Each structure stands twice: as structure tokens, then as C-alpha cells.
Colleague: 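Take a look at the following structure, please.
In the text below, chain A, chain B and the rest are named by the order of the sequence lines, each starting its count at 1. Since the structure is predicted, the reported quantities are computational estimates derived from the model, not experimental observations.
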Amino acid sequence: MNISDILTPQRILADLNCVSKKRSLESISKWLAQQMPEFDDKQLFNALICREKLGSTGFGDGIAIPHCRLTSCTQVTGALVRLTNGVDFDAIDRQPVDLLFVLLVPQEATDEHLQILATLAASFGQAEFREQLRQAADAEAMYQIAIA
Amino acid sequence: MIHEQITIINKLGLHARAAAKLVAVTGKHSCQIEIGNDGKMVNAKSIMSVMLLAAAQGTVLTLKVEGEGAQQAFDDVAQLVNNFFDEGE
């Protein structure tokens with residue numbers, strides 16, 4: 001599975017200005033619900049926050065992969081968000097997070113979920129990939145980097 | 001050095017939260033810990049590396065532990081894995 005299978009240019013937000021983890025997930029939920037009417041923004045936000053309460057998805061090096069399973073979700077859906085400033089995300093390495101890959105997963109997609117996590121880990125685990133996303137001029141440039 | 005196989009038995013496999021728990025356990029030990037399968041061994045203290053394995057339920061993984069406290073580290077990892085990552089299934 002590739003990032004291009006789950007990401008579209010429309011689902012990239014290049015410069016979101018947020019002060020906290022909670023606010024960033026709230027803004028992202030609203031933005032995603034506007035684009036995809038099948039999702040309710042409050043439901044989405046609650047699901048993402050519930051997952052964070054089980055353990056932060058801030059996986060280190062400024063990266064977070066907030067995700068949740070949703071009954072209203074019929075296919076794995078990704079969104080990429082860059083924050084203008086890093087926020088405290090209770091990350092594993094305690095460093096602020098400025099790049100988020102949000103993942104919405106159907107209720108029963110276990111193997112597919114593991115595959116996409118592996119794909120994201122392969123990309124976001126590379127310092128060069130992360131830096132390119134941080135340096136990218138706009139959402140379109142971020143998209144090209146993400147799917148390369 | 002310890003070189004043992006371990007089977008992932010929890011329903012969801014080595015998904016993000018399970019991987020985070022694994023890294024929390026391995027990170028407490030100073031010894032070198034690698035996990036993976038024949039072709040691909042990765043650092044078991046790096047969550048991104050552990051997620052690379054995409055290990056589903058039933059996957060047999062190799063655990064390589066070397067250095068001080070290796071046996072304790074292995075036991076701690078084995079306990080977590082065999083306890084379904086505390087997920088109950």
C-alpha cells in the first residue's frame with residue numbers, strides 16, 4: 001500500500017496555526033468534516049481524542065499519526081497537516097509535534113491498518129522526508145513529496 | 001546473546017499502540033534489542049522501526065537481545081507479547 005492510495009491533494013493542510021494538541025485535533029476534525037460529509041466533526045474529534053488518551057500518537061521527531069476507527073469510514077483515509085509551530089503532543093520523545101498524518105480507518109480493517117502504518121513509518125522514519133515536508137512551499141509541494 | 005522466536009498473539013497485531021508499549025518496555029533496558037524476521041531485523045527501541053514490521057496476529061518474530069540485563073529484557077518483552085499487550089484479546 002502506498003501513501004498515494006489514501007491521500008489526496010485536497011487533504012493536505014500546509015500551515016495550521018494551533019496552540020495545543022487538543023486545538024489542533026479540533027481544527028483538523030472540522031476541516032476534514034467539511035470535506036467529507038460522511039464524517040461528523042465532533043464524532044471525529046472525540047474518536048481521535050479517545051485514542052490519544054490510550055497513549056499519545058506523537059511517535060517522535062515531531063511526527064504524530066493521530067488515528068481512529070470509525071463505523072462511518074468505508075476506506076482508509078489519510079490527511080497530512082503541517083503546523084506553523086510545534087505543539088506539545090505528549091510525544092514519546094517529549095518533543096513538540098509539527099507534522100501530523102491523520103488516519104481514519106474502517107472498523108474491521110486490521111491487516112490493512114498494519115500495512116499503512118508500516119508505509120507511514122517507512123516514510124516518516126526518514127529525516128530527509130520529514131525535512132522536505134517542513135521545507136515544502138505549499139500543500140501541493142507537500143503532496144508531491146508525500147506520494148513520491 | 002539471546003536469540004529467540006516469539007509469536008504475536010493479540011488480535012490487532014503490532015499496531016501503533018502495541019508498538020508504543022513494546023518500545024516503552026525495551027527503552028527501560030540498556031541492552032541492545034532487535035526484533036524482526038529473517039530478512040528484516042530492526043531496533044526494538046524505535047517505534048517507527050517496529051511499525052515497519054506490520055506484524056499481524058500469528059506472525060512469528062525473532063528477538064535478539066545482547067548486553068547487560070539481556071535475560072530480564074527478553075522476559076519483559078515476552079511477558080508483554082504473551083499478555084496480548086494488555087489488550088485482553
Colleague: Can you tell me how far the CD1 atom of Ile116(A) sits from the CE atom of Met51(B), to the nearest 0.5 Å?
Modeller: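 Interatomic distance, Ile116(A) CD1 to Met51(B) CE, rounded to 0.5 Å: 11.0 Å.
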Colleague: Could you state whether Leu80(A) and Leu83(A) fall into the same hydrophobic cluster, counting links through intermediate Ile, Leu, Val, Met, Phe, Trp or Tyr residues with side-chain heavy atoms under 4.5 angstrom apart?
Modeller: no
Colleague: If every non-hydrogen atom of Thr110(A) is compared with every non-hydrogen atom of Lys11(B), which pair is closest and at what distance?
Modeller: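 It is CG2-O, 3.9 Å.
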Colleague: So for Ile63(A), is it side chain, backbone, both, or neither that comes closer than 4.5 Å to the heavy atoms of chain B?
Modeller: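 Side chain of Ile63(A) only, per the 4.5 Å heavy-atom cut-off to chain B.
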Colleague: For Gln57(B), I'd like to know if atom CD has over 12 heavy atoms of other residues, nucleotides or ligands within 6.0 Å.
Modeller: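 Buried by this count: over 12 neighbours within 6.0 Å.
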Colleague: So does Arg134(A) have more than 12 non-hydrogen atoms from other groups sitting under 6.0 Å from CZ?
Modeller: yes
Colleague: Could you tell me which residues satisfy side-chain hydrogen bond (donor to acceptor under 3.5 Å, both in side chains) with His15(B), sequence neighbours excluded, listed by chain and number?
Modeller: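 Residues passing side-chain hydrogen bond (donor to acceptor under 3.5 Å, both in side chains) with His15(B): Glu87(B).
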Colleague: Are Ile9(B) and Phe74(B) joined in one hydrophobic group, where the rule is that I, L, V, M, F, W and Y side chains link up if heavy atoms are under 4.5 Å apart?
Modeller: no
Colleague: So which residues of residues 33-62 of chain A are in contact with chain B at a heavy-atom cut-off of under 4.5 Å?
Modeller: Arg51(A), Leu54(A), Phe59(A)
Colleague: Would a single hydrophobic cluster contain both Ile2(B) and Val42(B), if residues Ile, Leu, Val, Met, Phe, Trp and Tyr are joined by side-chain heavy-atom contacts under 4.5 Å?
Modeller: yes
Colleague: Can Val25(B) be reached from Val50(B) by stepping across I, L, V, M, F, W or Y side chains whose heavy atoms are under 4.5 Å apart?
Modeller: yes
Colleague: Among Ile, Leu, Val, Met, Phe, Trp and Tyr joined by side-chain contacts under 4.5 Å, find the other residues sharing a cluster with Leu114(A) and list them by chain and number.
Modeller: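 Hydrophobic cluster check, Leu114(A): no partners found.
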Colleague: Give a yes or no on whether Met48(B) and Ile8(B) share a hydrophobic cluster (residues Ile, Leu, Val, Met, Phe, Trp, Tyr; joining criterion: side-chain heavy atoms under 4.5 Å apart).
Modeller: yes
Colleague: Taking only heavy atoms into account, what residues of residues 121-133 of chain A are found under 4.5 Å from chain B?
Modeller: Ala121(A), Ala122(A), Phe124(A), Gly125(A)
Colleague: What closest approach, in Å, do Ala54(B) and Gln115(A) show between heavy atoms, and which atom pair accounts for it?
Modeller: CB-NE2, 4.0 Å
Colleague: Check this for me: Gln71(B), atom CD, are more than 12 non-hydrogen atoms of other residues, nucleotides or ligands nearer than 6.0 Å?
Modeller: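 It does: Gln71(B) CD has more than 12 such atoms within range.
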Colleague: Where on Ala19(B) is there a heavy atom nearer than 4.5 Å to chain A: the side chain, the backbone, both, or neither?
Modeller: neither
Colleague: Heavy-atom cut-off 4.5 Å, strictly under: side chain, backbone, both or neither for Ile47(B) against chain A?
Modeller: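 Side chain only.
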